[in-house]
Amino acid sequence: MQLSTFGLRVRRLALAAAAAALTLAAAGCSDDGNTGPATPRMFNQVQRLGNPLVSEVLLSKRSHATHGTIGPDEDGTLVAPEVVDFLTTVAGRDPAYINAIAPALIPDMLIVDTSKDPSTATWLSTTLSAGWGGRKLQDDVVDLALTAVFGSALGDAAHATPQLTTDNLAFDSPAVTTSFPYLAPPN
């Protein structure tokens, strides 16, 4: 039986498509250990917000872009001086208080030990009470942060400014669930 010219073309195209599919499959299953793209990609970090207090309260607006594009490893030289200046001049804190709270603020990152019971998470606990960090969804991190800066969280009542320790907003989600997305629908 002879195939027509059209039939031969279809058969050749099918064989070529099968060969191309096999080549792609073999390339996708290689054992070279490289699972990423052949050419390295560069990404630009546009924001970093580990601790809202640092970028939104302790840094001036002009510093937000710098803070958002650097990593925590650069906080000691690029962010710390402005944070210390705010704590000294605006919050009126003495060096001992600043030294006690600074490790919770710089570097600006949240440390969470996922091997711990999530119900025991507390913000700032890593530094202030030898805890393990993290936070619960219903934690009012803004009030906690303002208390740490302006309140007497470490017993420094002489330099506290209690009227600045709250944003006067409460947790307003009607429910926290045990499954993703954990919060009730927006209200």
Side-chain angles (χ1 to χ4, degrees), residues 42-174 176 181-184 186-187:
M42 296 300 295
F43 296 94
N44 292 326
Q45 176 177 303
V46 294
Q47 187 52 274
R48 174 172 65 105
L49 190 61
N51 178 346
L53 169 72
V54 173
S55 68
E56 302 304 319
V57 176
L58 304 178
L59 296 178
S60 63
K61 186 72 171 165
R62 72 176 178 274
S63 298
H64 285 196
T66 299
H67 175 260
T69 58
I70 64 172
D73 58 321
E74 297 178 90
D75 283 351
T77 55
L78 298 175
V79 175
E82 191 168 347
V83 169
V84 169
D85 181 61
F86 182 94
L87 291 171
T88 304
T89 59
V90 177
R93 297 308 191 153
D94 60 35
Y97 190 88
I98 293 169
N99 288 336
I101 198 165
L105 305 173
I106 303 298
D108 180 15
M109 58 186 188
L110 298 178
I111 299 170
V112 178
D113 181 350
T114 58
S115 70
K116 305 290 186 184
D117 178 3
S119 68
T120 63
T122 56
W123 187 79
L124 286 181
S125 67
T126 304
T127 300
L128 303 180
S129 63
W132 59 273
R135 70 171 213 185
K136 296 183 237 19
L137 287 172
Q138 60 270 32
D139 285 351
D140 191 338
V141 294
V142 174
D143 280 2
L144 290 167
L146 290 171
T147 298
V149 172
F150 295 107
S152 58
L154 299 177
D156 182 20
H159 297 100
T161 312
Q163 63 271 27
L164 297 177
T165 59
T166 183
D167 61 358
N168 295 305
L169 297 174
F171 181 72
D172 65 351
S173 183
V176 175
Y182 306 109
L183 294 175
N187 49 9

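Residue numbers run from 1 in the order of the sequence given.
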Next on the checklist: Using the rule side-chain contact (heavy atoms from CB on, under 4.5 Å), only one of Leu78, Val79, Thr77 pairs with Asp75; which is it?
Outcome noted: Val79
Hey, are the side chains of [X] and [Y] touching, using non-hydrogen atoms and a 4.5 Å cut-off?
X: Leu87; Y: Leu105; result: yes
X: Pro107; Y: Glu74; result: no
X: Leu59; Y: Val83; result: yes
X: Glu82; Y: His67; result: no
X: Phe86; Y: Val57; result: yes

Checklist entry - Taking only residues two or more places apart in sequence, or in another chain, which ones meet Thr69 in a side chain to side chain donor-acceptor pair (under 3.5 Å)? => result none
Checklist entry - Can you name the side chain to side chain contact (heavy atoms under 4.5 Å, CB included) partners of Thr66, sequence neighbours left out? => result Ile70
Next on the checklist: On a heavy-atom basis, which atom in Ile106 and which in Ala80 lie closest, and how many Å separate them?
Outcome noted: CG2-CB, 4.1 Å
Item to check | Under the salt bridge (Lys or Arg N to Asp or Glu O under 4.0 Å) test, residues paired with Asp143 that sit two or more places apart | outcome: none
Item to check | Side chain Asp85, main chain Pro81, donor-acceptor under 3.5 Å | outcome: no
Checklist outcome for this item: Separation between CZ (Arg48) and NE2 (His64), nearest 0.5 Å, reads 12.0 Å
